[in-house]
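Heads up, the thing below is written out as structure tokens.
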There are 2 protein chains.
Amino acid sequence: MTGTATSAEAERRAPRGRIDKRQAILDAAFTVFAREGYGQACVKDIADEAGVAKPTVYNHLSDKANLFRQAMAAAAERSMADELAAIERLRDVGDDIRTALEDVGHRLLQCYCDDRSWALRRLLHAELGRFPELLDTVRGHGTGRVNDALADRLARLSLAGRLRAGDPAEAAEQFVALLTGPIEARSRLGTVPIPDAELHTVARAGVRTFLRAYATDPQAYETTAQAADGTRG
Amino acid sequence: MTGTATSAEAERRAPRGRIDKRQAILDAAFTVFAREGYGQACVKDIADEAGVAKPTVYNHLSDKANLFRQAMAAAAERSMADELAAIERLRDVGDDIRTALEDVGHRLLQCYCDDRSWALRRLLHAELGRFPELLDTVRGHGTGRVNDALADRLARLSLAGRLRAGDPAEAAEQFVALLTGPIEARSRLGTVPIPDAELHTVARAGVRTFLRAYATDPQAYETTAQAADGTRG
DNA sequence: GGACTTCTGAACGTACAGGTTCAGATCCAT
DNA sequence: ATGGATCTGAACCTGTACGTTCAGAAGTCC
């Protein structure tokens, strides 16, 4: 479609003998798979998107299936790294747990609402039947590295007496659920962008409920102004 | 899978000419789409699954796309009816809100964990790009009929002074999130069956957190024994 | 510059799925 | 039983996508 030689095209074609086409192919593959789904995506489109000839794709990655697996793995790695980075912020909670949790919640929601992140989950759901091993690839082998990391942070907070004692894994589960659950519906499964203000609102609401249930002194937080959000579709 | 097979079998041998094959076709279509995904499912397989010739499929439902839409709509209707029925139980809460909520939570989780229900969500996620109108079909035009119904019930409970006042839609959102979030991970997106005991555990945990945050007198519930579950993968 | 590797573009073989056609069988109503 | 509707099974057409092949161009290393 964009096949005619524009200047942008010339630039993309410049490094021709380079070996780093692989990354471009994987990126393009994820883009196309995300747009079309595994079944409907065709390798030619991926090659075009990557600015590469079709045989080059088969040269670097043997199969369409393998191409899909690799692309998903790469996307998952990036996505997971972002979320883990967001959680790291809980390593040094100041005086205000509430603000810290809201901050982390907001960052997690930002990761979660990224286009690539939505696409990753959509493709995971979609192709789990055909690629069962994909679940471990994406979640990071276990209950999920994100949940585990969050559980670790919450456990430390419990130990420090800032949160109620209990199963940290369960608390992490519920914390994430309180954030992502509402987003799923509001964004219409990722098809509608959510303004950052609404992400804040959802994060605040989630953390409010979480703290009411998990704070050692829930009443302490009830004084804080919590109304007048009014961000709802 | 066996369900449709038997019904298809029964129809195949008894009345061959007359009968609404339509329902059999829609059932079979959903089964096959659930197993293969839209792109990889082929109409021949659906016809076979329904015990019907291929032209008959095209006779009743013009397109593969239309076939998909109709099959999804039918499955969604059934699924939504089940969930709404579960929520109806909140119309007459006795003395014990906690037990009532746990009961509803458990029933909702049972609906949610049904094979067809998982398949419906998987297909929705998967094909939302190609069939955007599907979201309204499945959720029931709006924030989701299930969420709305639940919000109605919670609003009444708030008005009766049994739950804290606040946005009922938000409470419903969070209630559902606290239930379904943990299930998503535990069942590995529906690929692993969850024993009913674990559903109970998750429902109890979700309701416990929900009530700590939303009950008018949270302390009243803290006396109840809540430990010794130990159901975790 | 020359040898070696990689990439390109286009063609090819193959397989398979969507959708149609048609003659014959089956069913329902009268 | 007869007529009309529906279903069947198989063949058929067509488009498309996977994966391969190959000659030649372009980059890389000596």
Side-chain angles (χ1 to χ4, degrees), chain A residues 1-6 8-29 31-71 126-127 130-131, chain B residues 7-29 31-33 35-71 126-127 130-131:
Chain A
M1 190 179 268
T2 50
T4 42
T6 64
E9 190 103 10
E11 189 179 6
R12 187 184 335 185
R13 202 178 340 214
R16 194 150 160 197
R18 303 281 302 274
I19 319 287
D20 68 341
K21 311 248 173 193
R22 190 191 161 94
Q23 193 54 44
I25 293 174
L26 287 181
D27 273 7
T31 301
V32 174
F33 282 134
R35 192 197 321 133
E36 307 281 343
Y38 176 77
Q40 312 283 343
C42 75
V43 180
K44 178 67 163 57
D45 286 355
I46 294 174
D48 287 354
E49 176 85 23
V52 143
K54 195 165 61 143
T56 306
V57 175
Y58 285 100
N59 181 26
H60 282 269
L61 300 109
S62 49
D63 257 342
K64 185 186 181 186
N66 187 39
L67 175 55
F68 181 64
R69 272 187 280 260
Q70 302 289 332
E127 308 304 335
R130 204 176 318 282
F131 301 93
Chain B
S7 73
E9 196 116 8
E11 281 182 15
R12 184 178 343 188
R13 82 187 60 195
R16 193 143 154 209
R18 199 206 123 38
I19 258 296
D20 9 16
K21 316 247 173 191
R22 192 190 160 94
Q23 192 53 45
I25 293 173
L26 287 181
D27 273 7
T31 302
V32 173
F33 281 135
R35 192 198 319 133
E36 308 281 343
Y38 177 77
Q40 312 282 339
C42 75
V43 181
K44 179 68 165 55
D45 286 355
I46 294 175
D48 287 353
E49 176 84 23
V52 143
K54 194 165 60 141
T56 305
V57 175
Y58 284 100
N59 181 27
H60 282 266
L61 299 108
S62 49
D63 258 340
K64 184 187 179 185
N66 186 37
L67 176 56
F68 181 63
R69 273 186 280 260
Q70 302 290 332
E127 307 303 335
R130 202 174 319 281
F131 301 92

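Protein chains get the first letters and strands the later ones, always in sequence-line order, with residue 1 at the start of each.
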*Side chain of B:V43 only, please: which of C:dG18, D:dT8, C:dC7 is the nearest?*
C:dG18
*asked:* Once you apply a heavy-atom cut-off of 4.0 Å, does A:A47 come out as touching a base, just sugar-phosphate, or nothing?
replied: nothing
*asked:* On the side chain of B:K54, is there an atom forming a donor-acceptor pair with the base of C:dG19 - under 3.5 Å, no angle test?
replied: yes
*ring pair (Phe, Tyr, Trp, His ring centres under 6.0 Å) involving B:Y58 - partner list, sequence neighbours excluded*: none
*How long is the line joining CG of A:L67 and P of D:dA17, in whole Å?*
15 Å
_Could you check whether B:R35 pairs with B:E49 (Lys NZ or Arg NE/NH1/NH2 to Asp/Glu carboxylate O, under 4.0 Å)?_
yes
_Between A:N59 and C:dC7, is there a contact of a side-chain N or O with OP1 or OP2 at under 4.0 Å?_
yes
*Please tell me which of B:V52 and A:A41 maps to the more 5' nucleotide of DNA chain D, matching each residue to the nucleotide holding its nearest heavy atom.*
B:V52
*Quickly work out the B:K21 NZ to C:dC28 P distance and round it to whole Å.*
10 Å
*Quick one: which of D:dT8, C:dT8, C:dG19 gets closest to the side chain of B:Y58?*
C:dG19
*Could you give the CG-to-C1' distance, from A:D45 to D:dT16, as a whole number of Å?*
11 Å
*Mind checking what makes side chain to side chain contact (heavy atoms under 4.5 Å, CB included) contact with A:D63, not counting sequence neighbours?*
A:A65, A:N66
*Give the rounded distance in Å between these two atoms: CD1 of A:I25 and P of C:dT8.*
8 Å
*Taking all heavy atoms of A:Q70 and all of A:R22, pick out the closest pair and write down the distance.*
OE1-NH2, 3.6 Å
*Find the bend of the helix from C:dG1-D:dC30 to C:dT30-D:dA1 as the angle between its two terminal axes (five pairs each), to the nearest 10°.*
30°
*If you find the nucleotide of DNA chain C closest to A:T56 and the one closest to B:C42, which residue's nucleotide is nearer the 5' end?*
A:T56
*Quick one: label B:A65 by what it contacts on the DNA or RNA (base, sugar-phosphate, nothing), any heavy atom closer than 4.0 Å.*
nothing
*To the nearest Å, give me how far apart CG (B:N66) and C1' (C:dG19) are.*
14 Å
*Euclidean distance, atom CD of residue A:Q40 to atom C1' of D:dC18 [Å, nearest integer]*: 14 Å
*For A:D45, enumerate each residue passing the salt bridge (Lys or Arg N to Asp or Glu O under 4.0 Å) test, keeping only those at least two apart in sequence or located in another chain.*
none
_Can you see if the side chain of B:H60 gets near the phosphate of D:dC7 - specifically, an N or O under 4.0 Å from OP1 or OP2?_
yes
*Would you kindly give the CG-to-P distance between B:L61 and D:dC7, to the nearest whole Å?*
11 Å
*Please identify each residue that fulfils side chain to side chain contact (heavy atoms under 4.5 Å, CB included) with A:Q40, with sequence neighbours left out.*
A:E36, B:Y38, B:R130
_Which atom of A:I25 lies closest to which atom of A:I46, heavy atoms considered_ = O-CG2, 4.2 Å
*For B:G39 and for B:P55, locate the closest nucleotide of DNA chain C by heavy-atom distance; then report the residue assigned to the nucleotide nearer the 5' terminus.*
B:G39
_Measuring from the side chain of A:K64 (C-beta onward, heavy atoms only), which nucleotide among C:dT8, D:dT8, D:dC18 has the closest atom?_
D:dC18
*Got a sec, which residues hit side chain to side chain contact (heavy atoms under 4.5 Å, CB included) with A:A71, two or more places apart in sequence or on another chain?*
A:L26, A:A29, A:F30
